[in-house]
Amino acid sequence: MILATGVNTLQVVNLDRIRFHEEYEPHRLDVTCYAIRMEGVLRHPPIAMQMRDGSYVILDGAHRTHALEALGCKRAVLQVVKPEQFALESWSHALPNGDWLEPLKQDPQIEWAQENGDGLALAEVVDEYGGRCFLYPAGRTVDLEERLTAWHRIVDSYTKKLPVQRFSQWSGNPGQGKVHFCYPAWSVQELEEIVLRERVMPAGVTRCIVEGRVLNLRVPLDLLLASTFDEGRWDSLREEWGRSLRLYTESVFLCE
């Protein structure tokens, strides 16, 4: 039953019905395009949620989906999940300390504070000695558009200049010469509202946790490129995947 449910979450969706909640990184997109083109398959289906306007927002796999578009595909295979089937978390960023922080500290659209009493800070900054500051949009506005704009200014202040190491859990001090930018998770409702306003979140911050994720399908690229979709071939692939899926519940360590 669980294995059948995994296959049943797969949907073929035309690319013009797909939307994105975050920016993409050009270099990473180039690498992804090359890998898919060389292998001739889409290994892992992106994770998506259908929104109230009927379109699908990519929760995980933006670069894979953009790569399919860049390669001329007409459609994508998505694993479509409902809000109760996933959790939105966030990546934090480990960065080298340095003078690059000064312009951010002087940015009139960003407010630095010593406390996060209202819980609405956009980011928590932890220095190498364990000192903490919290970043807000100027005036601590609760307007979604203004908060999103300020969040972009924070992330953009370093992503194109510095090596960024992402991490999901952290305890202790960053260490000598390091600084951490820790981000709270946004809600599913906020994410959907941002997308419907035709805005995006910064790249590399949102993290989607899905139980029962389907991996290593190896969807043939020509199926996604063809001008006419082959329903019979798709049905055959689904039957094959249904016989081949294996559910692993033990903890594993994956070297990426």
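Only heavy atoms go into these numbers, but all of them, side chains included; no hydrogens, no water, no symmetry mates.
The environment of Tyr34 atom OH is sparse: at most 12 non-hydrogen atoms of other residues, nucleotides or ligands sit within 6.0 angstrom. Counting heavy atoms of neighbouring residues, nucleotides and ligands inside a 6.0 Å radius, atom CD of Glu115 does not exceed 12 of them. The environment of Gln165 atom CD is sparse: at most 12 non-hydrogen atoms of other residues, nucleotides or ligands sit within 6.0 angstrom. Atom CD of Glu102 is surrounded by more than 12 heavy atoms from other residues, nucleotides or ligands within 6.0 Å.
Hydrophobic clustering (ILVMFWY, side-chain heavy atoms < 4.5 Å, transitive): Val41 and Val77 are in distinct clusters. Leu196 and Val200 are assigned to two separate hydrophobic clusters, defined by single-linkage of ILVMFWY side chains at heavy-atom distances under 4.5 Å. The hydrophobic cluster containing Met49 also contains Ile47, counting ILVMFWY residues as joined when their side-chain heavy atoms lie under 4.5 angstrom apart, directly or transitively. Both Leu104 and Val205 belong to a single network of hydrophobic side chains, linked directly or stepwise wherever heavy atoms of I, L, V, M, F, W or Y lie under 4.5 Å apart. Linking Ile, Leu, Val, Met, Phe, Trp and Tyr whenever their side-chain heavy atoms come within less than 4.5 Å puts Leu42 and Trp234 in one cluster.
Between the side chain of Asp53 and the main chain of Ser55, a donor-acceptor pair closer than 3.5 Å is present. Of the possible donor and acceptor atoms, none in the side chain of His21 sits under 3.5 Å from a partner among the backbone N and O of Ala62. Looking only at distances, no side-chain donor or acceptor of Arg64 sits under 3.5 Å from a matching main-chain atom of Ile36. Without hydrogens or angle criteria, Arg199 side chain to Leu148 main chain gives no donor-acceptor distance under 3.5 Å. Distance alone, capped at 3.5 Å, is enough to place a donor-acceptor pair between the Arg132 side chain and the Gly130 backbone. Side-chain N or O atoms of Asn116 include one that pairs as donor or acceptor with a backbone N or O of Leu120 at under 3.5 Å. Between the side chain of Gln79 and the backbone N or O of Gly212 there is at least one donor-acceptor pair closer than 3.5 Å. Of the possible polar contacts, one joining the Glu128 side chain to the Gly177 backbone as a donor-acceptor pair under 3.5 Å is found.
Within the 4.5 Å cutoff, the side chain of Val179 has heavy atoms near those of the Trp100 side chain. Using a 4.5 Å cut-off on side-chain heavy atoms (C-beta onward), Ile194 and Met201 make contact. With a 4.5 Å cut-off on side-chain heavy atoms, Tyr136 and Thr141 do not count as touching. Between Val57 and Glu192 there is no side-chain heavy-atom pair separated by less than 4.5 Å.
Here the shortest heavy-atom pairing between Pro45 and Leu217 reads CG-CD1, 3.9 Å. A pairwise comparison of heavy atoms in Asp156 and Thr159 identifies CA-OG1, 3.7 Å as the closest pair. Here the closest heavy-atom approach between residue Thr228 and residue Arg75 is recorded as C-NH2, 4.0 Å. When all heavy atoms are compared, the tightest approach of Val81 to Leu59 is CG2-CD1, 4.0 Å. Contact between Val155 and Ala203 at its shortest, heavy atoms only, is CG1-O, 4.4 Å. Annotation for Pro108 and Ala138: closest pair O-CB, 3.4 Å, computed over non-hydrogen atoms.
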* Asked: Given Leu221 and Leu68, is the side chain to side chain contact (heavy atoms under 4.5 Å, CB included) satisfied, shown in steps?
  -> CA-CA 9 Å; Leu221 190 59; Leu68 295 179; 4.0 Å; yes
* May I have the step-by-step check of side chain to side chain contact (heavy atoms under 4.5 Å, CB included) for Arg197 and Leu144, ending in yes or no? => CA-CA 10 Å; Arg197 294 188 188 192; Leu144 182 62; 4.0 Å; yes
* To do: Please test Leu95 against Phe181 for side chain to side chain contact (heavy atoms under 4.5 Å, CB included), starting from the C-alpha separation and ending with a verdict.
  => CA-CA 8 Å; Leu95 305 156; Phe181 276 63; 3.7 Å; yes
* Run the numbers on Arg17 and Gln50 for side chain to side chain contact (heavy atoms under 4.5 Å, CB included), then give the verdict. => CA-CA 10 Å; Arg17 297 185 64 198; Gln50 189 169 24; 3.9 Å; yes
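A salt bridge does not link Glu240 with Arg233: none of the charged nitrogens is closer than 4.0 Å to a carboxylate oxygen.
Tyr183 and Trp151 have tilted rings, their planes meeting at an angle from 30° to 60° on a 0 to 90° scale. Ring pair Phe167/His180 is tilted by interplanar angle, where 30° to 60° counts as tilted.
For the atom pair CH2 (Trp241) and CG (Leu10), the distance works out to 6.5 Å, reported to the nearest 0.5 Å. Separation of atoms CG (Leu162) and NE2 (His93) is listed at 12.0 Å; rounding is to 0.5 Å. In this structure, Leu29 CG and Glu69 CD are separated by 9.5 Å, a value rounded to the nearest 0.5 Å. The structure places CZ of Phe134 at 11.5 Å from CH2 of Trp112, a figure rounded to the nearest 0.5 Å. Once rounded to the nearest 0.5 Å, the distance linking CD1 of Ile110 with CG of Leu122 reads 7.0 Å. If you take CG on Leu135 and OG on Ser157, they are separated by 8.5 Å, rounding to the nearest 0.5 Å.
Cluster partners of Ile58 are Val13, Leu15, Ile18, Phe20, Tyr56, Leu78, Val80, counting Ile, Leu, Val, Met, Phe, Trp and Tyr whose side-chain heavy atoms approach within less than 4.5 Å, directly or via other members.
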